[in-house]
Protein chains: 2
Amino acid sequence: MTDLLSVAKKAGVSRATAARVFSQPELVRKTTLQRVLAAAEELAFRPNRLAQQLRTQATRIIGVLLPDPRNPVFAEQLLAMELAARQQGYALLVTTTGYDASQELQLVEEMLCQRVDGLVLTVADAENSEVLAKLQRESVPYVLVYNQPTDPDVQAISVDNRLAMYDAAQYLLALGHRQIGMVAGPMAQSDRARLRYDGYCAALREHGITPRPVIEMASHTRASFPLLQSHMQGNEGLTALLCSNDLLALSLISDLQRHGHAVPDDISVIGFDGIELGELLFPSLCSVVQPREAIGREAVAVLLAMMRGEQPDIGKLPHRLRPGESAGPLQRPDTDAHRIRTR
Amino acid sequence: MTDLLSVAKKAGVSRATAARVFSQPELVRKTTLQRVLAAAEELAFRPNRLAQQLRTQATRIIGVLLPDPRNPVFAEQLLAMELAARQQGYALLVTTTGYDASQELQLVEEMLCQRVDGLVLTVADAENSEVLAKLQRESVPYVLVYNQPTDPDVQAISVDNRLAMYDAAQYLLALGHRQIGMVAGPMAQSDRARLRYDGYCAALREHGITPRPVIEMASHTRASFPLLQSHMQGNEGLTALLCSNDLLALSLISDLQRHGHAVPDDISVIGFDGIELGELLFPSLCSVVQPREAIGREAVAVLLAMMRGEQPDIGKLPHRLRPGESAGPLQRPDTDAHRIRTR
DNA sequence: AACCAAAATGAGATCGATCTCATTCAGTAG
DNA sequence: CTACTGAATGAGATCGATCTCATTTTGGTT
């Protein structure tokens, strides 16, 4: 409707000159500049980014693929990315997978059709992912977030998941706990949950304790006490639980309390992520804090660097164990009257 | 690179035919169809949506403007919208305002340059918003979410905020509370907070109680006990608080507890929104539940209807008071030993 | 007044699809 | 075998900007 050509006509100049007014105003004589600007103003000219994008072969749009914005970890990362991206003149096209790996390929394909300049992804499992293989093959710039692939050539922004969970386990061990379990969502679909389990195992072994199999929940974000029990056949009464994310931890604490178990008196619980809400609650959530904003910002920064053709070299981002009321020293070391048992 | 023209050449047909293969395959003879598809496959052809969008003047992109995805209310809405949109072949371009009305105009302008087909917005204040005026003027399809403007011509998906808070206040009154306050974020910036305050006032007046001035917090999502105290100069000891959203309520409960006030024994707290997390915590959060997923879905549905030129007529969506442990019957009706006082 | 480099401007192709309208093709009837 | 009809296909304009390269202006020199 109100395209550049109309503006140019109204101002009595050519398309080219009108275009220059917006892209390289310094090349235009001041008087013509003002004439064109006036015409643009009058016609309520609004540059058409589609045309720009088509012509310049650059959209300044970043495609974002994440499991679920309802998980504060992703919401916080999303916000940080949006701010960082906007500051550099980029916008975000956002898609969610619902933790469903089978959707990843098609969703990414969709964004590639839109010609996003690059992608920020959190995939289910970075190790054997069709999507990543394809992106690699087509050399589309992309950055993983939260994923921690083995391949060092893949750019990924994350903490050292193994070490982080190792630290959390050590924390519990230092508090005197010996019967420690780990709760996670569906393992097959999460590279980071597996690494965290490794860390848990390593810490226990260092203390001569045999790690238990992971207690696998059906949901990535919702733990239930009955399911916990059913996974504990033949196990000793636990005194502490590590959760592979904060939402699991919070829902678990809630369900434990509902079933008459006190946290941390009967059982200590540690989460992973360090979402803000955890600090507001009672008991406050002890958790391994990931720097979510920094992760988001860094993801954008690294992606933009890659798009400029640089070879950014990123290390792991630092994690930190945030103490909280949900994890305390082992109580009644010689009786387990209140401990959890298999039914 | 791998444009339609290359495919057409490889298949030995014209651009037009090649294009038809993807848009109206029924018009193409089966043998040519397969030849073109084979060529496309071989060249790894990926349709360029920018070109399509430019030519057809339709992007199938919905612009989304929301305050902050870290608030679960918006995260849940966002997810619902993404799913609904994708099902109809639309994608989301997401922008955040950080509750800052002064950014709204520019952010929307940006999305209009991208030629989004329509907008879903949650603005600070729908009553006197430049953005809405502009969108109206340019007849860009848009839908408000959570906002509740006076103007009936503006499409808005929300609950009846006034009635919802009225119900919450009635709930407290029925529990015997008489000293009821309302906590909110910055009022000047929130049409819905004002309506909720109206509802609070109405309920109290019906019981012959003079409403108190709103207790205004600096943040939209974080309440503090000291700030609460400082706003209560000359007031009686409160026994119950209504919060204009769940995050305020949760942080307030946490801060109350930290300052030695028991919830609900010393003071009852009710939130607004009904975020899932509220149910997991202890005490579980009593809250006015908004149907967030339905709101998100509806927003997309209504917007698409508008884009088709229809005149969807939407009523308010239903709210419901979800009881919770954070709000209980009035304790010790004649002593206020534990009640909150101004210092 | 003539000349020249530098500064402004313009003409036209281009990005990759879609759409209209004209043209060709295949199959059938006479 | 010719004519006719509907199905398939093609030619070329178009969406709205950008970019290159050619051309015109401008302003300063001599």
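In the text below, chain A, chain B and the rest are named by the order of the sequence lines, each starting its count at 1.
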Original post:
To the nearest Å, how far apart are A:K30 NZ and C:dA7 P?
Top reply: 12 Å
**OP:** Find out whether A:N71 and A:H220 are in side-chain contact, i.e. whether some heavy atom of one side chain is under 4.5 Å from a heavy atom of the other.
**Re:** no
**OP:** May I ask you to evaluate whether B:S14 reaches the phosphate of D:dG10, defined as a side-chain N or O under 4.0 Å from OP1 or OP2?
**Re:** yes
Original post:
What about A:R20, does its side chain sit under 3.5 Å from the base of C:dG10 through a donor-acceptor pair?
Top reply: yes
**OP:** Determine, stepwise, if the pair A:S6 / A:D3 fulfils side chain to side chain donor-acceptor pair (under 3.5 Å).
**Re:** CA-CA 6 Å; A:S6 327; A:D3 59 350; 2.3 Å; yes
Subject >> Between C1' of D:dC21 and CG of A:L27, the distance in whole Å >> reply: 14 Å
Original post:
Would a 4.5 Å heavy-atom cut-off, applied to side chains only, mark B:P291 and B:V159 as touching?
Top reply: yes
Subject >> Integer-rounded Å distance: C:dA17 P and B:R115 CZ >> reply: 21 Å
Subject >> Interatomic distance where CG belongs to A:L54 and P belongs to C:dA13 [whole Å] >> reply: 17 Å
Subject >> Proximity to the side chain of B:R29 - top-ranked nucleotide from D:dG16, D:dT9, C:dT9 >> reply: D:dT9
**OP:** Check A:L65, A:L112, A:L303, A:I62 against A:L119 for a side-chain contact (heavy atoms from CB on, under 4.5 Å) and give me the one that passes.
**Re:** A:L112
Subject >> Nearest-neighbour nucleotide for the B:R55 side chain, D:dG16, C:dG10, D:dT14 considered >> reply: D:dT14
Original post:
For the pair made of CZ in A:R15 and P in D:dT20, what is the distance, rounded to whole Å?
Top reply: 16 Å
Subject >> Value in whole Å for how far the P atom of C:dT18 lies from CG of B:L50 >> reply: 12 Å
**OP:** Scan B:T32 against the nucleic acid and name what it touches under 4.0 Å (heavy atoms): base, sugar-phosphate only, or nothing.
**Re:** sugar-phosphate
**OP:** Rounded off to whole Å, could you give me the NZ-to-P distance for the A:K9 and D:dG16 pair?
**Re:** 12 Å
Original post:
If we only count heavy atoms from C-beta on, is the A:R49 to A:R60 side-chain gap below 4.5 Å?
Top reply: yes
**OP:** Indicate, with a heavy-atom threshold strictly under 4.0 Å, whether B:F45 touches base, sugar-phosphate, or nothing.
**Re:** sugar-phosphate
Subject >> Atom-to-atom span, CD of A:E26 to P of C:dT9 - whole angstrom >> reply: 13 Å
Original post:
What nucleotide, of C:dA11, C:dG16, D:dG10, holds the atom closest to the side chain of B:T17?
Top reply: D:dG10
**OP:** Find which nucleotide of DNA chain D each of B:L33 and B:T56 is nearest to by heavy atoms, and output the residue with the more 5' nucleotide.
**Re:** B:L33
**OP:** Tell me whether the OP1 or OP2 atom of D:dC15 has a side-chain N or O from B:Q57 closer than 4.0 Å.
**Re:** no
